[in-house]
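Single-structure report; data block below.
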Amino acid sequence: MGSSLKSAQYLIDSRMLEAASGCSEACHDLGIFYSSGAEGTDIDLIEAHKWFNIAAMRGNERAQECRAEISEDMTAREIAEAQKQARAWLQMTTARAA
């Protein structure tokens with residue numbers, strides 16, 4: 001059991017690194033992890049929306065559909081928070097790359 005949790009965390013960490021380098025597919029995958037509780041993550045629709053939003057901004061059409069779908073289960077405040085977090089993450093990763 002412990003090794004499966006370690007491998008799940010490794011997968012999440014590696015997708016985070018790929019997302020930071022601009023990979024829309026990695027962002028989409030992170031949205032899936034957080035919207036479904038996959039790979040040992042807790043379900044967190046704000047975090048999922050953030051990742052789907054970033055992937056959608058990078059042209060991922062599946063992420064646009066997923067973002068719209070989970071938005072139906074979120075309040076306007078939760079969506080606003082997710083958008084705020086997406087902007088902050090993008091600013092942070094852009095500043096690091098510069």
Side-chain angles (χ1 to χ4, degrees):
M1 178 97 169
S3 69
S4 66
L5 288 176
K6 285 180 185 177
S7 105
Q9 188 59 51
Y10 174 79
L11 178 60
I12 292 167
D13 291 345
S14 68
R15 297 312 272 167
M16 288 274 192
L17 287 172
E18 292 172 8
S21 68
C23 178
S24 71
E25 193 65 33
C27 296
H28 176 265
D29 289 349
L30 288 165
I32 293 292
F33 296 162
Y34 286 106
S35 65
S36 66
E39 301 303 329
T41 60
D42 291 330
I43 293 176
D44 183 340
L45 295 183
I46 293 172
E47 191 73 9
H49 190 286
K50 174 183 95 173
W51 288 112
F52 287 140
N53 197 31
I54 294 167
M57 291 179 357
R58 293 179 173 165
N60 189 307
E61 292 180 18
R62 288 180 299 151
Q64 293 172 11
E65 295 166 5
C66 292
R67 179 183 60 193
E69 187 177 314
I70 67 167
S71 291
E72 295 175 9
D73 296 326
M74 298 173 71
T75 66
R77 281 187 180 204
E78 290 172 326
I79 293 168
E81 178 60 27
Q83 291 170 336
K84 178 182 169 185
Q85 288 181 20
R87 283 190 303 274
W89 190 83
L90 287 168
Q91 288 174 346
M92 180 185 66
T93 56
T94 302
R96 248 193 261 161

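Predicted model, so just to flag it, every value in this text is computed and none were measured.
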Determine the minimum heavy-atom distance between [X] and [Y], stating which atoms define it.
X   : Y   : result
A19 : A26 : N-CB, 3.7 Å
A63 : A56 : CB-N, 3.8 Å
H28 : C66 : NE2-SG, 3.9 Å

- request: Give the other cluster members for I46, using side-chain heavy-atom distances under 4.5 Å between Ile, Leu, Val, Met, Phe, Trp and Tyr residues; answer none if it is isolated.
  value: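 I32, I43, L45, F52, I70, M74, I79, listed by chain and number.
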
Nearest 0.5 Å, what's the [atom1]-[atom2] distance between [X] and [Y]?
X   : Y   : atom1 : atom2 : value
S35 : L30 : OG    : CG    : 10.5 Å
Q9  : S14 : CD    : OG    : 10.0 Å
E47 : D42 : CD    : CG    : 11.0 Å
M57 : R87 : CE    : CZ    : 9.0 Å
M16 : T93 : CE    : OG1   : 12.0 Å
K50 : Q83 : NZ    : CD    : 13.5 Å

- prompt: Taking only residues at least two apart or on different chains, which pairs with a member in residues 75-96 satisfy ring-ring contact (aromatic ring centres under 6.0 Å, His included)?
  reply: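 Of all non-adjacent pairs touching residues 75-96, those that pass ring-ring contact (aromatic ring centres under 6.0 Å, His included) are W51-W89.
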
- request: Could I get the full list of salt bridge (charged side-chain N to carboxylate O under 4.0 Å, His left out) partners for E78, not counting sequence neighbours?
  value: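 By the salt bridge (charged side-chain N to carboxylate O under 4.0 Å, His left out) rule, E78 matches no residue at all.
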
- request: Under the salt bridge (charged side-chain N to carboxylate O under 4.0 Å, His left out) rule, collect the residues that match up with R15, sequence neighbours excluded.
  value: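 With neighbours one apart ignored, the set is E18, D29.
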
query: What residues, two or more places apart in sequence or in another chain, satisfy side-chain hydrogen bond (donor to acceptor under 3.5 Å, both in side chains) together with E81?
result: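 For E81, the residues satisfying side-chain hydrogen bond (donor to acceptor under 3.5 Å, both in side chains) (neighbours in sequence not counted) are Q85.
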
Contacts of type side-chain hydrogen bond (donor to acceptor under 3.5 Å, both in side chains), residue H49, not counting sequence neighbours: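 For H49 the side-chain hydrogen bond (donor to acceptor under 3.5 Å, both in side chains) partners, ignoring immediate neighbours, are S71.
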
- request: Report yes or no: do I54 and M92 belong to one cluster of Ile/Leu/Val/Met/Phe/Trp/Tyr joined by side chain heavy-atom distances under 4.5 Å?
  value: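 Yes, I54 and M92 fall within the same hydrophobic cluster.
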
task: Apply side chain to side chain contact (heavy atoms under 4.5 Å, CB included) to A80 and list each qualifying residue two or more places apart in sequence or on a separate chain.
output: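 Counting only residues at least two positions away or on another chain, A80 forms no side chain to side chain contact (heavy atoms under 4.5 Å, CB included).
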
- request: Scan for salt bridge (Lys or Arg N to Asp or Glu O under 4.0 Å) pairs involving residues 62-74, sequence neighbours excluded, and state none if there are none.
  value: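 Sorted pair list: E25-R62.
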
message: Closer than 3.5 angstrom, by distance alone: can the side chain of T41 be matched with the main-chain N or O of F33 as a donor-acceptor pair?
response: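 Answer holds: yes.
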
